[in-house]
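Per chain, numbering begins at 1; letters A, B, ... match sequence-line order.
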Amino acid sequence: MRRAVCALLTVVLVAACSSPDGSTTGSATSIVIGAGSEPENLNPVLGYAPDGAAKIFDGLVSRDASLALKPALADGLPTASADGLTWTAKLRKDITFSDGTPLTAQDVVFTYKSVLDKKVNSTIATRFDAVTDVVAVDTGTVEFTLSHAYAPFPQQLTLGIVPAAKFAGVDVNSAPFNTAPIGTGPYTVAEWRKGDRLVLKANEKYWGGAPAIKTVTVVFVPDDNARATRMAAGEFDGTVLPPKLARSYVSKSGYRLVQNPSADYRGLGIPSELPFTSDPRVRRAINLGINRQAMIDAVLAGSGKPAATPISPHLKDWYDPSATFAFDTAEAARLLDEAGWRKGADGKRARDGQPARLPVLYPAPDVLRKELALAAASDIAKLGIDAPVEATTFEVMLQRRGEAASVWGGGEPYDPDTAAYTLLHSRYAGQQGYVNMTLYRNSTVDTALDTGRRSLDPGVRKQAYQDFQRAYVNDPGWAFLVFLDHTYVLRDKWNGQETQVEPHDHGLVNAVWWNLERWTPKP
Amino acid sequence: MIRSIGRLALRRLAFAVPVLLVVSFALFVLAKASPFDPVERYFGVRIIGASPERVAQLRENWGVDEPVVAQYWAWLRHAVTGDLGDSLSLQQPVASVIGDRLGWTVLLVSVGFTLALLLGLLLGTFAAWRQGSWLDRLITGGCYALEAAPVFWVGLAVLYVFALQLRWLPGGGVTTGSEPVSAGGVAAHMVLPVAVLAISQAPWFVLFVRQNLLESFTEDHVIGARARGLPDHLVVSGHALRTSLLPFLTLLGARLPELITGALLVETVFSWPGIARATVEAALNVDFALLGALTVMATAVVLVGNLLADVLYALADPRVALDG
């Protein structure tokens with residue numbers, strides 16, 4: 001029997017030694033990506049990749065590296081009627097889905113009508129709230145009717161178009177299509193093993209030209225450390241990592257460290273209805289008392305930009321460089337004194353016996369938000385304000401929005417309207433859900449946001465968002481902290497990467513591989 | 001014999017129905033009381049800025065604000081006809097969610113359980129046979145340590161040593177990079193998760209076998225066999241082990257729930273694409289349809305496991321009555 005045990009152990013050890021060690025020596029026509037998050041489905045109607053770069057689908061329009069819209073399935077950018085209530089898009093004539101069926105206006109109408117259908121559980125329907133009707137004028141023309149003028153509308157037309165025929169007699173919410181989709185895009189889905197990996201194959205008949213990278217394997221590994229390890233073991237050609245974990249690749253030969261700018265903010269929502277912070281001077285003081293650059297250096301290893309408003313400094317067309325907060329604790333103290341919150345003998349501020357107190361909440365599993373919450377709370381405490389930090393859930397953060405500050409995140413670079421409107425317009429204050437979470441009310445901000453949304457004149461819009469940013473920094477409803485840089489590690493085997501300012505969402509789409517279909521192997 | 005087994009199965013089945021009803025209803029009540037909101041989880045990052053009307057529409061489509069009894073009844077009415085409904089968090093029919101993943105879990109659990117049994121018999125017999133020796137002390141000491149160590153901790157330790165430091169074995173998933181699924185590849189990826197599952201379950205079997213063997217060494221038939229001068233290994237394997245195996249069968253049934261929990265943790269640590277990760281996700285997303293189906297399935301496995309253990313017990317020892 002002793003011999004049997006020895007034999008068993010030998011078998012196990014031999015099996016262990018002869019197994020692959022996980023290194024890939026794949027050719028440059030295939031790529032393995034380690035992704036941090038997995039899409040729930042691959043159906044644009046339900047919410048997959050609404051901002052384009054969808055790999056499997058194309059929208060009527062797409063974006064170039066500078067985020068300018070360019071026609072994709074549409075034969076030219078969609079045009080608006082003079083009153084801005086009707087938008088017309090003409091389709092290209094040579095497009096087929098990857099199963100060979102031709103694209104028609106009916107497919108476009110079906111896609112958008114499904115998003116708007118109340119029975120369809122789409123997570124992106126809010127984007128199309130202004131749309132009242134979508135009709136096919138003829139097989140090559142689609143017309144959208146809007147209930148009010150809505151300037152950012154063409155930005156939303158990046159949504160991927162699905163073939164209507166695949167949904168005949170099927171409930172969109174649980175259609176087989178959701179995991180095995182058919183699109184017009186540069187890639188097709190070869191296999192999706194949920195919870196593990198997604199394999200894409202090049203669409204050789206792609207209307208924009210067949211991609212040079214023929215096989216894309218996306219491996220889903222949610223844990224940052226596990227992803228870093230498997231990247232180090234050579235299993236991945238590229239992955240997304242927190243800045244600190246990516247630092248070892250700075251000068252590693254054969255690898256590139258890519259840091260992409262983003263409009264992805266983390267900010268402290270300050271309750272406008274809490275007696276202490278209801279005074280705009282107090283909210284301004286908090287903004288002036290936070291050392292954002294120190295936060296970026298310590299927490300983000302230098303990978304970020306200070307934030308003052310939800311408009312990212314990377315958005316040159318909209319950003320107002322004068323609308324920022326200096327780090328000025330003296331001015332912050334002066335404002336707090338002026339508002340009546342004076343320091344007592346213990347260094348804590350109070351007014352009429354009421355202590356100055358602002359709890360700071362963050363969602364427990366998010367390490368980055370935890371570190372930002374701690375840094376912000378320590379800066380606020382230095383002003384003489386009691387700022388206890390609590391770990392909790394998003395649901396509790398929302399419930400306590402009237403009396404506690406919470407670290408929220410979000411943001412997209414495409415249009416200032418989508419970045420700011422639901423967050424700061426007073427018509428959303430006190431409504432259900434994650435809209436205007438700080439119960440912020442400022443009539444100048446409201447007017448500027450409404451003007452920016454309604455006007456189709458670029459000059460008028462630019463002025464409106466300048467007005468918005470200036471009005472906001474005089475009466476801030478948040479302490480926006482930082483815009484994160486997204487950090488990627490990439491094996492240096494391909495040409496064609498272009499930097500695009502990224503939104504909050506950066507998994508398989510919108511990341512450094514947003515234009516993967518145009519990458520070419522290095523000679 | 002066959003008839004009494006049939007009667008036992010029928011009786012257990014009649015008992016299983018109320019058990020399943022109670023367990024699944026309790027699950028709905030618990031999920032309803034959870035601090036997570038299924039609609040918010042479904043929206044994910046897009047909940048920020050989603051218009052209140054759209055969110056309200058989805059709540060209505062899903063009926064999440066209905067009383068728990070109504071929700072349970074709606075689920076049950078369809079479940080009894082075999083329609084498990086659609087998973088809200090994964091936008092797939094529940095049947096296909098389970099179908100895609102169950103195979104991987106069954107593979108992991110069956111190999112892990114078999115290995116745990118073999119280890120239990122082998123090491124337990126060794127330890128009892130050489131009672132008091134350094135080998136016995138090593139085995140029992142190791143078993144107590146492993147019983148105390150949480151499964152996920154063992155998993156992470158093994159991952160650290162064999163996948164990160166020694167790099168002998170892949171650390172997760174079922175294939176490497178863009179490789180297609182192959183028997184060899186899956187076998188290599190299975191070694192670590194199966195080993196962790198087996199060594200986390202084996203201690204109970206080892207100690208049980210050892211204890212029973214030691215007891216049976218003092219029984220008349222074993223002493224008699226030894227007195228007749230039969231070789232030691234024959235006495236241990238032929239006389240002592242055989243009689244001490246009976247209670248072992250009961251332990252098998254009793255360990256099944258532990259095995260399911262263990263598999264859940266092992267799958268999470270090793271990114272195994274099985275049912276366990278879907279279970280965790282279903283719980284976090286308060287996905288009633290998926291949670292309900294998975295719970296009923298787990299409960300059924302435990303009930304069937306116990307029934308099997310009892311039937312085997314009866315077959316092995318005719319003195320055991322099935323009607324009790």
Closest contact, heavy atoms only, [X] versus [Y]:
{"X": "A:V435", "Y": "B:A50", "answer": "CG1-O, 3.4 Å"}
{"X": "A:G47", "Y": "B:R46", "answer": "O-NH1, 2.6 Å"}
{"X": "B:P93", "Y": "A:S174", "answer": "CD-O, 3.9 Å"}

Max heavy-atom pair count under 4.5 Å with chain B, selected residue of [options]:
{"options": "A:V221, A:D196, A:L398, A:V120", "answer": "A:D196"}
{"options": "A:D129, A:D171, A:N436, A:V216", "answer": "A:D129"}
{"options": "A:T422, A:I33, A:V218, A:T123", "answer": "A:T123"}

Does any backbone or side-chain atom of [X] lie under 4.5 Å from a heavy atom of chain A? Answer side chain, backbone, both or neither.
{"X": "B:D100", "answer": "neither"}
{"X": "B:E60", "answer": "neither"}
{"X": "B:R41", "answer": "side chain"}
{"X": "B:F162", "answer": "neither"}
{"X": "B:W104", "answer": "side chain"}

### Those residues that, when tested against A:R127, pass salt bridge (charged side-chain N to carboxylate O under 4.0 Å, His left out) (two or more places apart)
A:D51, A:E412
### Summary
chain A shares the most heavy-atom pairs under 4.5 Å, among B:H233, B:R54, B:R101, with B:R54
## Note on the structure
Greatest number of non-hydrogen atom pairs under 4.5 angstrom with chain A, of B:D86, B:L159, B:V55, falls to B:D86
With only heavy atoms counted, which part of [X] is less than 4.5 Å from chain B, the side chain, the backbone, both or neither?
{"X": "A:L116", "value": "both"}
{"X": "A:F220", "value": "backbone"}
{"X": "A:T418", "value": "neither"}
{"X": "A:N178", "value": "side chain"}
{"X": "A:D505", "value": "side chain"}

### Message
Do A:H504 and B:I48 have side chains that approach each other closer than 4.5 Å (heavy atoms only, starting at C-beta)?
### Response
no
#### Entry: Side-chain touch B:E40/A:Y434, heavy atoms, less than 4.5 angstrom
yes
### Query
Between A:T126 and B:S51, is there a donor-acceptor pair closer than 3.5 Å when you use the side chain of the first and the backbone of the second?
yes
#### Entry: A:E395 side chain to B:D37 backbone, donor-acceptor under 3.5 Å
yes
### Query
Do A:K194 and B:V97 pass the side-chain contact (heavy atoms from CB on, under 4.5 Å) test, and can you show the C-alpha distance, the side-chain angles, and the key distance before you say yes or no?
CA-CA 9 Å; A:K194 279 213 174 188; B:V97 172; over 6 Å; no
#### Entry: Spatial distance of atom NZ (A:K118) from atom CG (B:L58) [nearest 0.5 Å]
11.5 Å
### Query
Could you give the distance from OH (B:Y42) to CG (A:L46), rounded to the nearest 0.5 Å?
4.5 Å
### Task
Output all residues satisfying ring-ring contact (aromatic ring centres under 6.0 Å, His included) with A:F167, sequence neighbours left out; order by chain, then residue number.
A:F110, A:F177
